[in-house]
Amino acid sequence: MRPLSARLQISVRVLADLILLNASLALALLPELLFSQKSRAELFQLWLPVALFLSLAGPGLFYVMGFYTKGRSYMSKYKALVVLQAAGILFMAAAVCLYFFRLQPAFPRSAFLATWLGASLLLVGARLWAQIWRRVVLHEHQQEHAIVKNHQDSVLVIGGAGYVGSALLPKLLDQGYRVRLLDCFLYGDEPIKPFMQHPNLEIQRGDFRHVDNVVAAMKGMNAVVHLGGLVGDPACAIDEELTIQINLIATRMIAQVAKGAGISRFVFASSCSVYGASDHILNERSKLNPVSLYAKSKIASENVLLAIRDNGFEPVILRFGTIYGLSGRTRFDLVVNLLAAKALVDKIITVHGRDQWRPFLHVHDAARSVQAALEADSDSVSPIIFNVGSDEQNLTLGQVGELIHAMVPDSVIHCKEDNVDRRNYRVEFRRIRETLGFQPVWKLEAGVQQVLDAIRSGKVTNYQDSKYSNVKFLSAPDAREQLPVMEDWVSKYLDSNEVMVNA
Ligand SMILES: NC(=O)c1ccc[n+]([C@@H]2O[C@H](COP(=O)([O-])OP(=O)(O)OC[C@H]3O[C@@H](n4cnc5c(N)ncnc54)[C@H](O)[C@@H]3O)[C@@H](O)[C@H]2O)c1
């Protein structure tokens, strides 16, 4: 069953509301038809103005009140209240109009109140029913569908041994995907050790900047997830040339190889860092304002993908929020994990730039969004770029500090305004919610609790170890030997005056 496109879904919902409003009116007038002495012409005169008013004003008012846009994100109890409130406004407006125009014959008060009551019940009931249907029936169907569909799917995950990748791999394997992993294991293979023997996992160790590695990795695959790269502002600032090679030039080459190999679905991990510093609430159409090479490399990669997309090549760009929580390769160079660890171990929560906003996202929700992007139909991913997160998890760094403090009360908060990180962005997530039906399930408290438990249980012994931090790890000379800046072969050939092979 293909999900309906967003526009079609809205039209169906408007039509359903029109039918419900008119059905409640027809039901309320039924006693008049059966038991009163009124002729059919008189009943028609009663029915017509009210039916017209409800049909024209109803959907307009419901639209303004967010029924067809924000409505789905309301918790069910609030949704019922919003619907009752909208019905109240609609029928009060109808009563005022009827009073003003004093139409003859006068619409019976009892029928008017019955229409109001009936419409409120039907509108609330329909939404409750839709919710039950989505939760129970569709969920079951999707699970069955996923198992059948995924057995045909082979996915290449590039950079899959990292923080997000090690959360994604078990999810894909559990769903029956055949997965090939291309990674140079910069931070080791520990994160994926538990699944190494999985019959559906194939591991290819290699640098994705080399076209031959990429061509070999794509053989027999029908989707690509690209999570690889140098990640984070400080890590990318260490060696700018290396960053551009890995984060931009390689992305272009990988996407072109995928397109050439006939692979259509290409999921690319971008970042909400592209919004940089802004006081507005930002959506996918907002102006970008990168404040680091990392963010610039993401924007440039997005542009490369947008430039080469066509009917046969469908990139899906996921702009992740700031990630937290545990995975096979937990990072402690990310603000939530770092502050939680510092609170527990060092008893101090140092917040730099407490008024700066960030959208937070659990690493397992980031992985779920990748799966949603892989499985979405072509219509749903036609907007291409999706912010990934939830409106409720837009928090200031000060709020994060307070939340951690409440969970580790014997720590102290220390706020500093000497922040070198200028990022400040609050992000809207309506598109991914309404188009892909994706909502994060993790809350920040639960992610912080995970980190605290991992330290208390000894699973993480030293959060300051360089294996947990991209910038610390990449600053060590031996780590960089693994990823040398590649020779610039263009200038090698251009600068040479000799023919290099015997011709
Ligand atoms: N973690 C976050 O908070 C966050 C936020 C927004 C976006 N993202 C994006 O999500 C993606 C995954 O992030 P992450 O936190 O898992 O990163 P990570 O640093 O944990 O993992 C990156 C992986 O890429 C691999 N890699 C790097 N260069 C390579 C090369 N040349 N050849 C082969 N493999 C190479 C590394 O070995 C590593 O396994 C990245 O694209 C990142 O920009 C992450």
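Since this is a predicted model, take the numbers as computed values, not measurements. Counting starts at 1 for both ligands and their atoms, in listed order.
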[X] atom [atom1], over 12 foreign heavy atoms within 6.0 Å:
| X | atom1 | value |
| --- | --- | --- |
| D212 | CG | yes |
| D279 | CG | no |
| H210 | NE2 | yes |

request  = Keeping the roles fixed (side chain from R456, backbone from L344), state whether a donor-acceptor pair exists under 3.5 Å.
outcome  =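 No, the answer is negative, given that no donor and acceptor are paired below the 3.5 Å cut-off.
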inquiry  = Between Y275 and N387, is there a side-chain donor-acceptor contact under 3.5 Å, judged purely by atom types and distance?
reply    = yes
inquiry  = List the protein residues in contact with ligand 1, where contact means a heavy-atom separation under 4.0 angstrom.
reply    =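 Contacts of ligand 1 under 4.0 Å: G159, A161, G162, Y163, V164, D183, C184, F185, L186, Y187, G206, D207, F208, L227, G228, G229, V231, I246, A269, S270, S271, Y294, K298, F320, G321, I323, R329, R331, L334, N470, L483.
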query = Considering residues at least two apart in sequence or located in another chain, which fulfil the ring-ring contact (aromatic ring centres under 6.0 Å, His included) criterion with H364?
reply =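 Scan of H364 (ring-ring contact (aromatic ring centres under 6.0 Å, His included), adjacent residues dropped) gives H362.
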